K.L.:
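Questions regarding the structure given below will be posed in turn.
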Amino acid sequence: MLDYQEFLNFSMECNAHYRALLSFEMKKMKMIHDDDIDSLGKALPEEQALVMKSNSLEKRRADILGAENASKTFKDIVDEAPLLYKRRLDNQYKELCELIGKIKEINDMAAVIINSRLAKMGGKHELDTYDGRGGVSKTNGAEKHTTFNA
């Protein structure tokens, strides 16, 4: 049986993390817009830490849900929650959706800017990016990169 209080506490922690990730992505977008390569390079460790934290949270989510609830979405959990938790979980769910949407939007805009600039340079330059597991990978600008996969 799912411990709804534990899941609520976890969802509040997740949203705090994604607020921090959104803040980072907004700063990173400004660096990209301003073509501030030095600051972007210095921001990579912070980005890696945020990606690793996202992965850690996903593992915790799986542990909290357990095997019997593993296939349930957050929305499923909200729909099935007792009245005592339903409104608070629904608020957390809506905030998470909004945060993820904003993060994706920023990442998409950054990818357009980067790909445009690389195309002007011939697209032969490699960038250090993160592979979604916290590791560094190389992209050549022709590949689309997003920091967050939802």
Side-chain angles (χ1 to χ4, degrees), residues 2 6-67 69-79 81 86-150:
L2 180 61
E6 181 181 20
F7 189 78
L8 177 62
N9 294 341
F10 171 75
S11 66
M12 290 187 303
E13 182 182 344
C14 281
N15 285 353
H17 167 70
Y18 286 109
R19 281 190 297 273
L21 181 59
L22 177 59
S23 175
F24 172 81
E25 292 297 335
M26 290 167 62
K27 288 188 287 188
K28 187 173 83 172
M29 180 64 179
K30 181 170 177 7
M31 290 179 235
I32 291 168
H33 181 269
D34 294 345
D35 206 17
D36 188 353
I37 304 301
D38 290 336
S39 292
L40 277 169
K42 291 175 185 172
L44 286 175
E46 182 180 356
E47 182 174 30
Q48 183 179 26
L50 288 164
V51 169
M52 292 172 72
K53 173 77 177 198
S54 296
N55 293 336
S56 172
L57 288 170
E58 179 57 27
K59 288 176 186 169
R60 274 194 45 224
R61 184 194 65 81
D63 290 343
I64 290 169
L65 292 180
N69 296 304
S71 64
K72 290 184 180 176
T73 65
F74 196 156
K75 183 68 173 143
D76 293 337
I77 292 167
V78 170
D79 291 343
K86 192 176 284 288
R87 182 189 297 145
R88 292 182 289 171
L89 283 170
D90 189 52
N91 289 340
Q92 293 300 312
Y93 171 73
K94 288 175 182 173
E95 181 183 7
L96 180 63
C97 290
E98 185 177 320
L99 289 165
I100 290 171
K102 288 178 182 177
I103 290 167
K104 283 184 171 187
E105 183 180 322
I106 290 169
N107 278 326
D108 289 347
M109 287 187 307
V112 167
I113 292 169
I114 290 169
N115 288 333
S116 172
R117 288 180 181 164
L118 288 174
K120 288 177 184 176
M121 295 186 304
K124 305 257 186 218
H125 297 79
E126 288 188 333
L127 300 172
D128 286 340
T129 58
Y130 288 99
D131 60 11
R133 295 180 306 276
V136 176
S137 63
K138 299 281 185 187
T139 61
N140 66 12
E143 305 164 21
K144 184 175 179 183
H145 167 69
T146 57
T147 303
F148 178 81
N149 296 320

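Along the sequence shown, residues carry numbers from 1. Bear in mind that the values here come from a model prediction, so they are computed numbers and not experimental data.
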K.L.:
Please name the pair of heavy atoms, one in L96 and one in N15, separated by the smallest distance, quoted to 0.1 Å.
P.N.:
CB-OD1, 3.3 Å
K.L.:
Do NZ/NE/NH1/NH2 and the carboxylate oxygens of D108 and K104 come within less than 4.0 Å?
P.N.:
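No, this pair does not count.
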K.L.:
Taking only residues two or more places apart in sequence or in another chain, which ones pass side chain to side chain contact (heavy atoms under 4.5 Å, CB included) with S116?
P.N.:
K120
K.L.:
Would you call V51 and L21 a side-chain contact if the rule is heavy atoms closer than 4.5 Å?
P.N.:
no
K.L.:
Name all residues meeting the side chain to side chain contact (heavy atoms under 4.5 Å, CB included) criterion together with N91; count only those two or more places apart in sequence or in a different chain, and write none if there are none.
P.N.:
R87
K.L.:
Would you give the length of the straight line joining atom CG of D63 to atom CZ of R61, rounded to the nearest 0.5 angstrom?
P.N.:
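One gets 10.0 Å once the value is rounded to the nearest 0.5 Å.
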K.L.:
Just do the salt bridge (charged side-chain N to carboxylate O under 4.0 Å, His left out) check on E105 and K102 with the steps written out, would you?
P.N.:
CA-CA 5 Å; E105 183 180 322; K102 288 178 182 177; over 6 Å; no
K.L.:
Does H33 have any side chain to side chain contact (heavy atoms under 4.5 Å, CB included) partners at least two apart in sequence or in another chain, and if so, which?
P.N.:
none
K.L.:
Could you tell me whether the side chain of S56 and the main chain of M52 form a donor-acceptor pair under 3.5 Å?
P.N.:
no
K.L.:
Distance from E25 atom CD to K30 atom NZ, nearest 0.5 Å?
P.N.:
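Atom-to-atom, E25:CD and K30:NZ are 15.5 Å apart.
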K.L.:
Mind checking what makes salt bridge (charged side-chain N to carboxylate O under 4.0 Å, His left out) contact with D38, not counting sequence neighbours?
P.N.:
none
K.L.:
Using a 3.5 Å distance criterion without hydrogens, assess whether the side chain of D90 forms a donor-acceptor pair with backbone atoms of K86.
P.N.:
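A pair under 3.5 Å: no.
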K.L.:
Counting neighbours of CE on M109 that are heavy atoms of other residues, nucleotides or ligands and sit closer than 6.0 Å, is the number greater than 12?
P.N.:
yes
K.L.:
Mind checking side chain to side chain contact (heavy atoms under 4.5 Å, CB included) for D35 and listing every partner two or more places apart, or none if nothing turns up?
P.N.:
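Once residues adjacent in sequence are excluded, the partners of D35 under the side chain to side chain contact (heavy atoms under 4.5 Å, CB included) criterion are I37, R117.
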K.L.:
Run the side chain to side chain contact (heavy atoms under 4.5 Å, CB included) check on D36 and L40 step by step: do they pass?
P.N.:
CA-CA 6 Å; D36 188 353; L40 277 169; 5.7 Å; no
K.L.:
Which distance, rounded to the nearest 0.5 Å, do you find between the CD1 of I64 and the CG of L8?
P.N.:
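It is 10.5 Å, given to the nearest 0.5 Å.
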K.L.:
Apply side chain to side chain contact (heavy atoms under 4.5 Å, CB included) to residues D76 and T73 and explain how you reach the verdict.
P.N.:
CA-CA 5 Å; D76 293 337; T73 65; 3.1 Å; yes
K.L.:
Going by the rule ring-ring contact (aromatic ring centres under 6.0 Å, His included), which residues pair with F74 if we only count those two or more places apart in sequence or in a different chain?
P.N.:
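Applying ring-ring contact (aromatic ring centres under 6.0 Å, His included) to F74 gives F7, Y93.
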K.L.:
Is there side-chain contact between R19 and E95, with at least one heavy-atom pair below 4.5 Å?
P.N.:
yes
K.L.:
Any chance you could measure R60, atom CZ, to E6, atom CD, to the nearest 0.5 Å?
P.N.:
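Those atoms lie 7.5 Å apart.
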K.L.:
With a 4.5 Å limit on heavy-atom distance, are the side chains of I114 and I32 in contact?
P.N.:
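Yes; the side chains approach each other to less than 4.5 Å.
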K.L.:
Measuring from atom CG of L65 to atom NZ of K72, what distance do you get when rounded to the nearest 0.5 angstrom?
P.N.:
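Reported to 0.5 Å precision, the distance equals 8.5 Å.
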K.L.:
Which heavy atom of Y18 sits nearest to which heavy atom of I103, and what is that distance?
P.N.:
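Scanning both residues, the minimum pair turns out to be O-CD1, 3.8 Å.
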K.L.:
I'd like to know whether N107 forms a side chain to side chain contact (heavy atoms under 4.5 Å, CB included) with M29, so could you lay out the CA-CA distance, the side-chain angles of the two residues, the decisive distance to 0.1 Å, and finally the verdict.
P.N.:
CA-CA 8 Å; N107 278 326; M29 180 64 179; over 6 Å; no
K.L.:
Starting from the C-alpha separation in whole Å, work towards a yes-or-no answer on side chain to side chain contact (heavy atoms under 4.5 Å, CB included) for K28 and E46.
P.N.:
CA-CA 11 Å; K28 187 173 83 172; E46 182 180 356; over 6 Å; no
